[in-house]
Amino acid sequence: MQIVVPVNMTPQEYSQKYQEVRWPVLEKCPVCGARTNPQGHGWYSRNGLPSRDLELVVMIRRLLCPVCKKTVSLLPWFLLPRFQHTARFIVESLLKKAKSYRRLMLRYTQKTQKTQ
């Protein structure tokens with residue numbers, strides 16, 4: 001399971017200072033619901049792509065539930081589960097695509113109105 005958590009850093013800052021982040025303390029396991037604090041269970045790395053020109057290696061905090069033995073990953077706010085590109089990059093790309101589709105539809109509409 002992955003949980004997106006707030007960190008007060010940019011992706012670039014986080015990739016260099018991830019060990020300085022004050023991670024939230026979970027009061028219960030998000031997997032099994034047991035009222036226990038999942039404990040630190042190391043880190044793993046993954047790619048974070050904030051732009052077309054920049055690739056960052058981002059460390060992800062892992063927690064382990066002592067009851068169900070399942071791990072939980074704490075993703076910094078700028079990452080989304082199962083995506084390498086940052087949330088901002090994805091949203092900006094979708095907005096650009098939507099604008100180009102709007103322009104295309106407008107041109108098509110104008111063209112078809114002129115021919116009628």
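If you're wondering where the values come from, they're calculated on a predicted model, not measured in any experiment. Index from 1, following the sequence.
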| message | Using only atom types and a distance under 3.5 Å, with no angle test, would you say the side chain of Y14 pairs donor to acceptor with the backbone of N8? | response | no
| Does the side chain of V4 come within less than 4.5 Å of P76's, by heavy atoms? | no
| task | For I90 and H85, work out which heavy atoms get closest and say how close. | result | CD1-O, 3.7 Å
| note | Rounded to the nearest 0.5 Å, the CG atom of L26 sits from the CG atom of L74 at a distance of 6.0 Å
| task | Taking the side chain as every heavy atom from C-beta outward, state whether P30 and I3 have any pair of such atoms under 4.5 Å apart. | result | yes
| In Å, rounded to the nearest 0.5 Å, how long is the span from CG of L94 to CD of E92? | 10.5 Å
| note | Sorted by chain and residue number, the side-chain contact (heavy atoms from CB on, under 4.5 Å) partners of S93 (sequence neighbours excluded) come out as F89
| task | Report the distance from atom OG of S45 to atom CE of M59, rounding to the nearest 0.5 Å. | result | 5.5 Å
| Non-hydrogen side-chain atoms of R46 and L75 separated by less than 4.5 Å | yes
| field | CZ/F83: more than 12 non-hydrogen atoms of other groups inside 6.0 Å | value | no
| request: Would you indicate whether the side-chain heavy atoms of M9 and V21 approach each other to under 4.5 Å? | output: yes
| Are V31 and Y44 in one and the same hydrophobic cluster, where Ile, Leu, Val, Met, Phe, Trp and Tyr link if side-chain heavy atoms are under 4.5 Å apart? | yes
| said: List the residues meeting side-chain contact (heavy atoms from CB on, under 4.5 Å) with L54, not counting sequence neighbours, and say none if there are none. | reply: Q12, P50, S51, L56
| message | What's the separation between atom NZ in K97 and atom CG in L95, rounded to the nearest 0.5 Å? | response | 12.5 Å
| request: To the nearest 0.5 Å, tell me how far H41 NE2 sits from R61 CZ. | output: 10.0 Å
| Looking only at atom types and distance, does a side-chain atom of W77 sit under 3.5 Å from a main-chain N or O of V5, one as donor and one as acceptor? | no
| Between the main-chain N or O of V25 and the side-chain N or O of E27, is there a donor-acceptor pair closer than 3.5 Å? | no
| Is R62 close enough and on-axis enough to W43, meaning under 6.0 Å and within 45°, for cation-pi? | no
| field | Smallest separation among heavy atoms of P81 and Q2, with atom names | value | CB-OE1, 3.0 Å
| said: Is any side-chain heavy atom of W23 closer than 4.5 Å to one of V7? | reply: yes
| task | Would you mind telling me which of I60, L49, N47 makes a side-chain contact (heavy atoms from CB on, under 4.5 Å) with L79? | result | I60
| field | Separation between NZ of K69 and SG of C32, rounded to the nearest 0.5 Å | value | 10.5 Å
| Residue pair T36, C65: steps toward the side chain to side chain contact (heavy atoms under 4.5 Å, CB included) verdict | CA-CA 7 Å; T36 182; C65 174; 4.0 Å; yes
